[in-house]
**Q** 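Mind having a look at this structure? Questions to follow.
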Amino acid sequence: MARLETSGTMNCGVLSLSALTLSTVYKHENEVDTLEKFKDILNFHGHSLSATTENMDFDELMKLVEEDKVLSKKVIISAQPEYLVLGQERHWHKKLKKAGFRLIRKAKNPTGSTIWFYMRIPNKIPIFKGDR
Amino acid sequence: MPYVATMGCASCATISIGWFKDQTKEMNEAFKVDPTSFTPPASEMSVNEFYTNVLYPTRQDLGRSYDMPLEKLMQDIDASSLKTKLVMCVLNHAQYHQHGKYWPGELNRWGFKLITKTKNTIGSVNYVFMRNPNEVEIEDGEA
């Protein structure tokens, strides 16, 4: 299962893929039931409102994203703390890779668990020396 | 003004910062000179309250702190349990170039690095920054 969420204040530019589990997780208070409603919130006068789609099958969600003119161009991040995917690491790594995500960073969180940070950047452009 | 917010439901692991407005440069500079120049709103969450009420509970609702100067935000983050978390933020083209690249300079000062550039849906460039104080090396075969 998976869901697409607004990503903090970066709603217009970056989205977040969440809840990568093999089972359904709880219903979210900011949940909307269609991608269209989710996009409406993204486009709401440039304000950064919080929203999430409902949980759905990962492959189905990524297919919908790929087919959507707006969502398919957005950066999507997926940060997976290892305790959320314990025993399913290879499963999700393969799925994310197939959907165009790349592992770009790993980090230890304060509890000592490792976070795997993936990004899907469809419109990537080069960083020049003067940008840094 | 900037604030710290959850970054999707990876909220326990990663957080994000926004919101970089042109006029908040002056507030940021004023805070550096005189921290009392900023009065926190009573009705919204501080960085510590954001951690305790939003990030820490396992339910992981979306949420954010109140707006504050970046200088105060980063000071508060470094004085809290958020200090070691991976933090991301995005500057758009205008925010990136304002005042001789003021915001990129401030982010660099707080340990953020530019990790990627991307064109958004309307063709404008977004600059994605990240601060990852507890970085772990990616090993061969993992990427």
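All values reported here derive from a predicted model rather than from experimental measurement. Proteins get letters first, then strands, A, B, ... in listed order; numbering begins at 1 in each.
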**Q** With a 4.5 Å heavy-atom cut-off, do Asn132(B) and Lys106(A) have their side chains touching?
**A**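 Counting from C-beta outward, Asn132(B) and Lys106(A) never come under 4.5 Å.
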
**Q** Check each atom of Glu142(B) against the heavy atoms of chain A and say whether the ones under 4.5 Å are side chain, backbone, both or neither.
**A**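 For Glu142(B), the contact with chain A is made by backbone and side chain together.
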
**Q** Check whether any side-chain heavy atom of Val75(A) lies under 4.5 Å from a side-chain heavy atom of Asn126(B), and answer yes or no.
**A**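 No, side chains not in contact.
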
**Q** For the hydrophobic clusters of this structure (ILVMFWY residues joined by side-chain heavy atoms under 4.5 Å, transitively), does one cluster hold both Leu91(B) and Ile125(A)?
**A**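 Yes, Leu91(B) and Ile125(A) fall within the same hydrophobic cluster.
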
**Q** Sort and list the pairs that fulfil salt bridge (Lys or Arg N to Asp or Glu O under 4.0 Å) and have at least one residue in residues 110-120 of chain A, not counting sequence neighbours.
**A**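 Applying salt bridge (Lys or Arg N to Asp or Glu O under 4.0 Å) to every pair that reaches into residues 110-120 of chain A, excluding sequence neighbours, yields Glu66(A)-Arg120(A).
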
**Q** What distance do Trp116(A) atom CH2 and Ile138(B) atom CD1 have between them, rounded to the nearest 0.5 Å?
**A**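 Interatomic distance, Trp116(A) CH2 to Ile138(B) CD1, rounded to 0.5 Å: 8.5 Å.
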
**Q** How many angstroms lie between atom OH of Tyr96(B) and atom CG of Asp131(A), to the nearest 0.5 angstrom?
**A**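 Here the rounded value is 4.5 Å.
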
**Q** Indicate yes or no: at least one non-hydrogen side-chain atom of Ile104(A) is less than 4.5 angstrom from one of Met130(B).
**A**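 When only atoms from C-beta onward are counted, Met130(B) and Ile104(A) do touch, with a gap below 4.5 Å.
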
**Q** Chain B heavy atoms under 4.5 Å from Pro126(A): which part of the residue, side chain, backbone, both or neither?
**A**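 Backbone of Pro126(A) only, per the 4.5 Å heavy-atom cut-off to chain B.
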
**Q** In the structure I gave you, are the side-chain heavy atoms of Met119(A) and Met88(B) within less than 4.5 Å of one another anywhere?
**A**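 With C-beta onward as the side chain, the pair touches.
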
**Q** What is the minimum heavy-atom distance between Ala107(A) and Val136(B), and which atoms define it?
**A**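 Taking every non-hydrogen atom into account, C-CG2, 3.8 Å.
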
**Q** Give every residue pair that meets the salt bridge (Lys or Arg N to Asp or Glu O under 4.0 Å) criterion with at least one member in residues 118-128 of chain B, sequence neighbours excluded.
**A**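 Qualifying pairs: none.
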
**Q** Do Leu114(B) and Ile127(A) come close enough that some side-chain heavy atom pair is under 4.5 Å?
**A**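 Touching, per the 4.5 Å side-chain cut-off.
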
**Q** Using heavy-atom distances under 4.5 Å, tell me whether Lys101(B) contacts chain A through its side chain, its backbone, both, or neither.
**A**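 For Lys101(B), side-chain heavy atoms alone lie under 4.5 Å from chain A.
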
**Q** Does Lys124(A) reach the side chain of Thr118(B), with side-chain heavy atoms less than 4.5 Å apart?
**A**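 Side chain of Lys124(A) against side chain of Thr118(B), heavy atoms only: no contact under 4.5 Å found.
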
**Q** How long is the gap from OG1 on Thr116(B) to CD1 on Ile121(A), to the nearest 0.5 Å?
**A**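 One finds 3.5 Å between OG1 of Thr116(B) and CD1 of Ile121(A).
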
**Q** If we only count heavy atoms from C-beta on, is the Lys108(A) to Thr84(B) side-chain gap below 4.5 Å?
**A**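 When only atoms from C-beta onward are counted, Thr84(B) and Lys108(A) do not touch, as no gap falls below 4.5 Å.
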
**Q** With a 4.5 angstrom heavy-atom cut-off, is it the side chain or the backbone of Arg102(A) that approaches chain B, or both, or neither?
**A**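 Neither part, no heavy atoms under 4.5 Å.
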
